[in-house]
Amino acid sequence: MEIFKTQKELKKHLSSLPDKTIGFVPTMGALHRGHLSLLIRAKVECELVICSIFVNPTQFNDKKDFENYPILIDEDIKQLKSIGCDILYLPENVEDVYLNERDLNVDLGILDKVMEGINRPGHFNGVMRVVKLLFDIVSPTKAYFGLKDYQQYLIIKTMTQQLNLTIEVIGCDIIREADGLAMSSRNLLLTFQQRQVATTLIKTLQYCKDHINEAPIEALERRCLAMMTQYGEPEYFVIRRADNLEKVTPDYTGEVRAFVVCKIGKVRLIDNLQVR
Ligand code: AMP
């Protein structure tokens, strides 16, 4: 695996491989099987796989969360090599990524105004900025995002469409621990006890799925939120249309997902599940 610390060197290298299909997986590191599943899919579908590891400051609305974000570069590099990742872009500083930034003109409608958009002001703007810059640097054929960050996935898909980028944005299934907890770099920050309690998220999502046709949506949302307060500090539990995150109206027959965010101790965990 080749490691590039500047976009200049990476672009130079890529210009010597003009006809390869490129699969790209942007990450913030502390890699786990969730990240690796995206890279493995890229490996199957593309000729060249590029991973980036960059803890992007502009998407953190909470300074402490940014400062505490786990960094495990040596371990990450080992994992990337083990699955045959071809290239790692590991920017040496923030400036290297933001070098050629231009204004972004994207209308996200409600996509950045609900759920995480309310609770993490500026977060999606930071995500869009960095993903657009990384897309410009890497010029991928396909880019892979986890459905764990479902709202992010829809926003990147929308941005790509509106900017007419010829990049296929692919959403990949959520990878979970044996007890159902969605894999996350932040799980490393949980104590042993908090780790046990953290399964509440998937248990409540599963409960929601089991009862989706029995109760009115808003009553079910309230019940699930109340269930979670026994174990942690839930920020929201909402049931939304999967295609645009609008509320589910009685005449809507398409895919529906439930979304949850809950703080267990100081760790903010996020998860979602298709419930219909
Ligand atoms: P992050 O490093 O948290 O920014 O995540 C990088 C990518 O990995 C994002 O597209 C995430 O949605 C995805 N990802 C993180 N955790 C999981 C998981 N448990 N299953 C599938 N994809 C994931």
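All ligand and atom numbering here is 1-based and tracks the order in the structure. Throughout, residue positions are numbered sequentially from 1 according to the sequence presented.
Each of Gln151, Met128, Gln162 was evaluated against Leu108; a single residue qualifies, Met128, per the side chain to side chain contact (heavy atoms under 4.5 Å, CB included) test. Screening Thr199, Leu205, Leu201, Thr200 for a side chain to side chain contact (heavy atoms under 4.5 Å, CB included) with Lys203, the sole residue that qualifies is Thr199.
Note that the CD1 atom of Ile175 and the CZ atom of Arg33 stand 7.0 Å from one another [nearest 0.5 Å].
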Would you sort out whether Lys132 and Asp136 count as a salt bridge (Lys or Arg N to Asp or Glu O under 4.0 Å), showing the intermediate values? CA-CA 6 Å; Lys132 172 65 168 63; Asp136 290 344; 2.9 Å; yes
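Contact check on Glu45 versus Arg41 returns a salt bridge, with a Lys/Arg side-chain nitrogen under 4.0 Å from an Asp/Glu carboxylate oxygen.
Defined by atom type and a distance below 3.5 Å, a donor-acceptor pair is missing between the side-chain atoms of Tyr252 and Glu246.
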For each nitrogen or oxygen atom of ligand 1, which protein N/O atoms lie closer than 3.5 Å, and how far apart are they, rounded to 0.1 Å?
from, atom 1, to, atom 2, distance (Å)
ligand 1, 2 (O), Met28, N, 2.9
ligand 1, 2 (O), His35, NE2, 2.9
ligand 1, 5 (O), His35, NE2, 3.4
ligand 1, 10 (O), Gly146, N, 2.9
ligand 1, 12 (O), Gly146, N, 3.2
ligand 1, 12 (O), Gly146, O, 3.2
ligand 1, 12 (O), Asp149, OD2, 2.6
ligand 1, 16 (N), Met183, O, 3.4
ligand 1, 19 (N), Ile175, O, 2.9
ligand 1, 19 (N), Met183, N, 3.4
ligand 1, 19 (N), Met183, O, 2.9
ligand 1, 20 (N), Ile175, N, 2.9

